[in-house]
Amino acid sequence: MSSTLWRLLKNPSAAIGIGLLFLVILVAALAPVLYPQDPWAMVGRPFLPPFTDPQFPLGTDMMGRDIAAGLAYGARVSLLVGIVSTACAIILGVTLGGIAGYYGGLADDGLMRVTEFFQTIPTFIFALVMVAILSPSIQSIIVAIGIVSWPPVARLVRAEFASLRSREFVQAAIALGESDRHIILRQILPNTLSPVLVMGSLMVASAILTEAAISFLGLGDPNMMSWGYMIGASRTVIRQAWWMSFFPGLVIVLVVLTINLVGEGLNDVLNPRLARKGRA
Amino acid sequence: MNKLRPVTGRLLKSVAIIATIIILNFLLIRLAPGDPAAAMAGEAGAADEAFMAQLREQFGLDRPVYEQLAYYFADIVRFDLGYSYRQRESVLGLIMDRLPATLLLTISGFVVALGLGLLLGIASAMRVGRVTDRLISLFALLFYATPLFWVGLMAIMLFSVWLGWLPSFGMESVGAGYTGWARAADIAHHLILPAGTLGLFYVAVYTRLTRASMLEVKDMDFVRTARAKGLRRGLIVRRHILRNAMLPIITFAGIQAGQLVGGAVLTETVFAWPGIGRLAFDALLQRDYPVLLGVFLVTSIMVVVFNIVTDIAYRIADPRIEVAS
C-alpha cells in the first residue's frame, strides 16, 4: 500500500490532487476553529462585496452572513455526504455484485434486471423524489445518493467475480474444500479491490455534485450550511451580487476536479494496463 | 419475424421498467411521514378532516395494500396520474402542458452535446498527445467537474447581465405577440443559453468517449488497409474509423438519456424554462407529491422511449447486430 501511495505521488497531477484534497479536509476539520461563529449568524453588513473588508475577504451574503465561513462549513457537508454515501454504495454493491458473480443463476439474473432498471431511469429525479418524501436532511440525502449509485459497483464486482471464479487459484481453493465464505472473502475479494477503489474515488466526486444540486434546489439539510444551498439561495440576487454564487461554485469545481485527478492517478497506478490502452 | 424479435424483447423490458416505477411511486407515497391522505393533499395544505376522510375513501386507504396497488395501477393505465390540490388541475394536464418545452430543451441539449462532443473527440483523437489534444482533454476534465446549475448561472451573468446578448429568462419574450417565424426565432434566441448549458456538461462525456472509441478503432487492420489503398485521410476518418467508433457512442447516448433529463430539471430551474423540470421544482417547494411522482413517471417514460430509438439507431448503424441476436 505504501508503494502505491509513493507511485501516486510521483504522478504530478495526482500529487497536486492529493495536496489539494488534504487542504480541503484540513479546512473542513478546522472550520469551527477558523470560524467559531455559526455560519448562519448574521455577522456583517449585507451585500458586502469581496476584497473590500479584511474581516470578510469573500464578502457577505444578502443576510450579512460570512461567505468564507459558509465555504468552510460547506466543505464538511460535501465531504461527509460524498464519503458516507459512497461507502454505503460500495458495501451494497460489493455484497450484491459478489453474490451474483460467484453463485450466478437466479441471483445473477435478478441483480442484472435491477441494475438495468437503475441505469435507465432518471436517477437524479428519483433521488430528488426520495429526499423530498423522506423530508430533507443529511441522512435522507446520503441514503438517496447511496441508493442510486450502488448499481455500477455491483456490475463491476459481478463481472470481476464471474471471471475470477474460473481462474486456477480459485479452482484450487475449491478443490481444497475451502468454504464459500473463505473463497469469496480471502481469495476473490482482494483481487477485485483496486478497480472498486478507483470507481469509489470517482463516485465521491459525483456524489458531491449530486448533493450540491439537491441543496441548490432547496432540499438540503436545513441545519447545515452547504455550497449548493449558498448558490441556490443567492441566485435571485445574482444581478446585484455575483460573488455570493460565484465562490461556492468555484469551490465545488476545484474539489470535484481534485478528487477526479486523484481517482485518475489511482487508476494509472492500480490498472497500468488499462491506463496505457486509454492513452494509446 | 427474426428482425422484430429483439425489438419486442426491448418493449417487454420497457413495460417492466415502467411497471416498476409505478410500484416505486406507490411505495414512496406510503413512505411519506404521516398520513398518506395528508401527503396527497399536500403536506401543509389547508386540508380539513372531512376533506381528508373523503380522500381516504376515494383512494381506498382503508382497504388492503395489494388492493390499493391494483387501484393505483388501474388509474395510471387510464392516464389518471392524480390531482394537484395545490394547482387545482389534474397532474397529467399540468405535465402535458409543459412537455413540449422540455422536449425542445432536452433534444437541443442532446444535439449540442453529441455534435460538439463528436467534433472535439475526433479532433483530439487525430492529434493524440499534441497541444490540441491536451487542451481538449483539459476542457473535458474541467466541464466534467462543474455543476451544471452553476454553469447556467455564470452564463447568465456573462451573456445577459454583462454583455446583454442573450435573454436569461423564460422561453419567449413576454407580450411581444410574435407569430410564425418571428416567434420561432424568438424561442430559438431564448433557447441558446439553456441548451448550451445543458449540453456543455455532456459535451465533456461525449468528447472523452469519442476520443477513446476512435483510438480503439484507429489502429485496426482494415484502417491500415484503407490507408495502404491510398484513400484520402478525411474519407478514412469518416467512413472507416468514425462509422465503427459510433457504436459505443450510440449505446452510451441511450444510457446517458436518464442523466440528461435530470440535468433538464436543473437547467429549467436556472433559466425559468416553462417545462416539466420547472414544474418539478415548484412541486418540490410546495411538497406537491402527486405532481412530483407524475414527473418521475413521465420523465422515465421519456427515457424509455429514447432508449428504444437509440436501439433502432444502433441496428441501423450496425447491421451485424441483427444476425448476432
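Letters A, B, ... are given to chains in the order of the sequence lines, protein chains preceding strands, and every chain is numbered from 1.
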Turns out that what part of B/Ile301 lies under 4.5 Å from chain A's heavy atoms comes down to neither
**Prompt:** Is the shortest heavy-atom distance from the side chain of B/Leu293 to the side chain of A/Ile133 under 4.5 Å?
**Reply:** yes
Indicate yes or no: at least one non-hydrogen side-chain atom of A/Ile238 is less than 4.5 angstrom from one of B/Val161. no
With chain B, the option among A/Glu264, A/Arg235, A/Arg239 that has the most non-hydrogen atom pairs under 4.5 Å is A/Arg235
With chain B, the option among A/Thr258, A/Val129, A/Thr123 that has the most non-hydrogen atom pairs under 4.5 Å is A/Val129
Between A/Leu209 and B/Ala145 the two heavy atoms that sit nearest each other are CD2-O, 3.9 Å
Applying a strict 4.5 Å limit to non-hydrogen atoms, the region of A/Ile208 in contact with chain B is neither
### Query
B/Ile17 and A/Ile121: side chain to side chain contact (heavy atoms under 4.5 Å, CB included), yes or no, with the steps?
CA-CA 8 Å; B/Ile17 286 174; A/Ile121 63 166; 4.3 Å; yes
Minimal heavy-atom distance between B/Leu142 and A/Leu257, with the atoms involved, is CD1-CD2, 3.9 Å
Is there a side-chain contact between A/Leu250 and B/Trp150 in this structure, where contact means two heavy atoms from C-beta onward sitting under 4.5 Å apart? yes
Counting heavy-atom pairs under 4.5 Å with chain A, the top scorer among B/Leu284, B/Asn25, B/Ile156 is B/Leu284
So, the part of B/Val270 with a heavy atom under 4.5 Å from chain A: the answer is both
Cut-off 4.5 Å, heavy atoms of chain A, and the answer for B/Phe306 is neither
- Query: So with a 6.0 Å cut-off around CZ of B/Arg134, is the heavy-atom count from everything else above 12?
  - Reply: no
Applying a strict 4.5 Å limit to non-hydrogen atoms, the region of A/Pro136 in contact with chain B is side chain
Turns out that what part of A/Leu219 lies under 4.5 Å from chain B's heavy atoms comes down to side chain
In terms of heavy-atom pairs under 4.5 Å with chain A, the winner among B/Asn307, B/Val304, B/Leu141 is B/Leu141
Given B/Thr20, B/Leu148, B/Val265, B/Val295, the one with more heavy-atom pairs under 4.5 angstrom with chain A than any other is B/Thr20
CE of A/Met63: more than 12 outside heavy atoms within 6.0 angstrom? no
Tightest non-hydrogen contact, residues B/Ile21 and A/Phe117, listed as CG1-CE1, 3.8 Å
(message) Looking at B/Tyr144, I'd like to know if its OH atom is crowded, meaning that more than 12 non-hydrogen atoms belonging to other residues, nucleotides or ligands lie closer than 6.0 Å.
(response) no
The reported gap from CG in B/Leu292 to CD1 in A/Ile125 (rounded to nearest 0.5 angstrom) is 9.0 Å
Under 4.5 Å to a heavy atom of chain B? For A/Ala213 that would be both
The interface call for B/Leu24 against chain A, heavy-atom contacts under 4.5 Å, is side chain
Looking at A/Leu106, I want to see if its CG is surrounded by more than 12 non-hydrogen atoms of other residues, nucleotides or ligands under 6.0 Å.
no
**Message:** For B/Phe296 and A/Phe126, take the angle between the two ring planes, folded into 0 to 90°, and tell me which bin it lands in: parallel under 30, tilted 30 to 60, perpendicular over 60.
**Reply:** parallel
Ranking B/Val261, B/Leu153, B/Val151 by heavy-atom pairs under 4.5 Å to chain A gives rank one to B/Leu153
